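Comments concern the structure below.
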Amino acid sequence: MSNADWQDRSRSALWHPCTQMKHLERTPPLPIARGEGVWLIDYDGRRYLDAISSWWVNLFGHANPRINAALIDQLSRIEHVILAGCTHAPVVELSERLAALSGLSHAFYGSDGASAIEIALKMSFHYWRNAGRPDKTGFVSLQHGYHGETLGALSVTDVALFKDTYAPLLRHSHQALSPDSRLAGAGESAEAYALRAAADLDTHLAEHAERTAAVILEPLVQGAAGMAMYPPVYLRRVRELCDRYQIHLIADEIAVGFGRTGTLFACEQAGAKAADIADFLVLSKGITGGYLPLSCVLTRDTIYAAFYDDATARGFLHSHSYTGNPLACRAALAVLDIFAQDDVIAGNFLKAALFNERLSAVAGHPRVRHFRHTGMIWAFDVADAAPGFAAEFHRRALRHGVFIRPIGHTVYFMPPYVIEEAEMHLLAEATLACL
Ligand SMILES: Cc1ncc(COP(=O)(O)O)c(C=O)c1O
């Protein structure tokens with residue numbers, strides 16, 4: 001079977017995500033036969049550098065031998081078991097390790113990122129109800145924030161293209177000013193602007209705290225907003241506001257967790273541990289190194305304790321069939337082993353410095369605006385981008401052997417951490433050629 005065969009069959013049998021299917025007439029899906037490190041390889045044998053880690057999930061490359069070995073071992077033990085009424089070693093060990101790393105002691109599992117957002121929203125609401133404050137039902141998120149596409153998650157998302165059609169199905173939430181550093185005024189530092197954005201949140205909470213359950217945000221980088229970056233001081237200030245007004249802080253680290261921003265959890269850049277910032281830490285994507293769907297909401301003892309009771313209805317009765325899947329948890333444990341054994345955070349710091357050097361010509365290109373970088377995420381905006389820019393850039397990059405999906409006029413890289421110097425060079429050269 002060739003690429004063309006799989007493309008035809010895919011178009012007639014599937015309904016692809018986040019896709020206007022008619023557009024596939026012009027840009028058919030790339031049929032991937034196998035993967036190897038940062039490379040995706042199609043059925044005709046062509047290789048593409050996976051510059052966006054397969055929707056931000058892959059950390060240590062495709063077909064990673066260490067994660068593969070863990071999964072093969074787990075397959076011969078138990079592939080899945082119900083987590084209501086049963087438990088198993090991978091889920092217990094993973095929960096203990098995540099608690100030690102984050103400072104948040106209890107782990108509740110979902111499948112994809114959006115399911116974990118639903119869990120965090122429901123838990124926050126239910127906590128206040130159990131705590132005798134049933135009026136605290138509202139949620140505040142940030143302008144241009146993204147938290148997933150299920151109805152609850154979409155209610156706190158602020159991306160018109162994904163949200164507007166479904167508006168009649170959604171619950172109202174308030175969007176506070178985004179701390180996106182690109183919005184700083186002339187002569188205003190990123191920090192000063194972030195504090196101005198926090199003051200906007202303060203104004204809202206001062207009036208609505210009694211009816212607000214939680215603030216939800218993406219720490220340091222608003223991914224779907226076009227890799228909008230902001231400094232840690234914003235997180236510290238939001239934490240202070242949440243303490244002052246008795247509101248939960250839900251840190252959606254689905255995209256930015258597991259080393260993406262240069263620390264294991266992005267919140268660590270604003271506090272010693274994630275628990276110093278987040279009441280709920282939401283994780284997914286990189287948690288399994290991009291192998292299997294798994295998500296997790298970590299929270300603290302005091303919140304957990306409000307549900308611990310003889311009355312069943314005071315408990316958190318939410319569930320998903322594949323909650324805490326043993327294979328996914330084993331992949332996650334293998335990922336944590338790699339972080340510990342290879343000192344990944346320190347290694348990424350050096351890699352990021354190298355890639356910044358490689359990208360200097362891109363950063364200085366006359367069409368490039370707001371070249372920015374946080375940890376293992378790079379982005380820039382393209383001045384004078386014509387309508388259809390993202391799709392056209394994507395097609396051109398494929399011709400140069402690079403898989404990239406710009407967001408509007410923003411081009412970004414989120415490569416797997418195993419990217420090598422020669423591959424960084426290729427990515428920079430391909431980007432320049434496309435520009
Ligand atoms: C910050 C953030 N939250 C939530 C989600 C939703 O995760 P999922 O697509 O796994 O449902 C995403 C996905 O990109 C995300 O980036």
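Every number for a ligand or one of its atoms is a count from 1 in the order of the listing. Since this is a predicted model, take the numbers as computed values, not measurements. For the numbers below, each heavy atom of this structure counts, side chains included, while hydrogens, waters and symmetry mates do not.
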Using a 4.5 Å cut-off on heavy atoms from C-beta on, say whether the side chain of Ser124 contacts that of Lys136. no
Under a 4.0 angstrom heavy-atom cut-off, which atoms of ligand 1 come close to Glu218? 1 (C)
So which protein heavy atom does atom 16 (O) of ligand 1 come closest to, and at what separation? Trp56 CZ3, 3.4 Å
Is there a donor-acceptor contact under 3.5 Å linking the side chains of Ser54 and Asn58? no
Min N/O separation Lys285 to ligand 1 under 3.5 Å: yes
Can you tell me which residue and heavy atom of the protein come closest to atom 8 (P) of ligand 1, and the distance to 0.1 Å? Gly113 N, 3.5 Å
Does the side chain of His144 pick up a donor-acceptor pair with the side chain of Asp180 at under 3.5 Å? no
Please could you name the atoms of ligand 1 that Ala114 approaches to less than 4.0 Å, counting only its heavy atoms? 6 (C), 7 (O), 8 (P), 11 (O)
With respect to Ile117, determine whether any N or O atom, backbone or side chain, lies less than 3.5 Å from an N or O atom of ligand 1. no
Polar proximity ligand 1 side, Asp252 side, N/O cut 3.5 Å exclusive: yes
Any idea which protein heavy atom is nearest atom 12 (C) of ligand 1, and the distance to it? Tyr146 CE2, 3.5 Å
Regarding Ser173 and Gln175, is there a side-chain donor-to-acceptor distance under 3.5 Å anywhere? yes
Short side-chain donor-acceptor distance under 3.5 Å, Thr299 and Tyr127: no
Under 4.0 Å to a heavy atom of Ala255 - the qualifying atoms of ligand 1, by number: 16 (O)
Within the 3.5 Å criterion, strictly below it, is a donor on Ser181 or Arg372 matched to an acceptor on the partner's side chain? no
If only side-chain N and O atoms count, and only distance matters, is there a donor-acceptor pair under 3.5 Å linking His318 with His320? yes
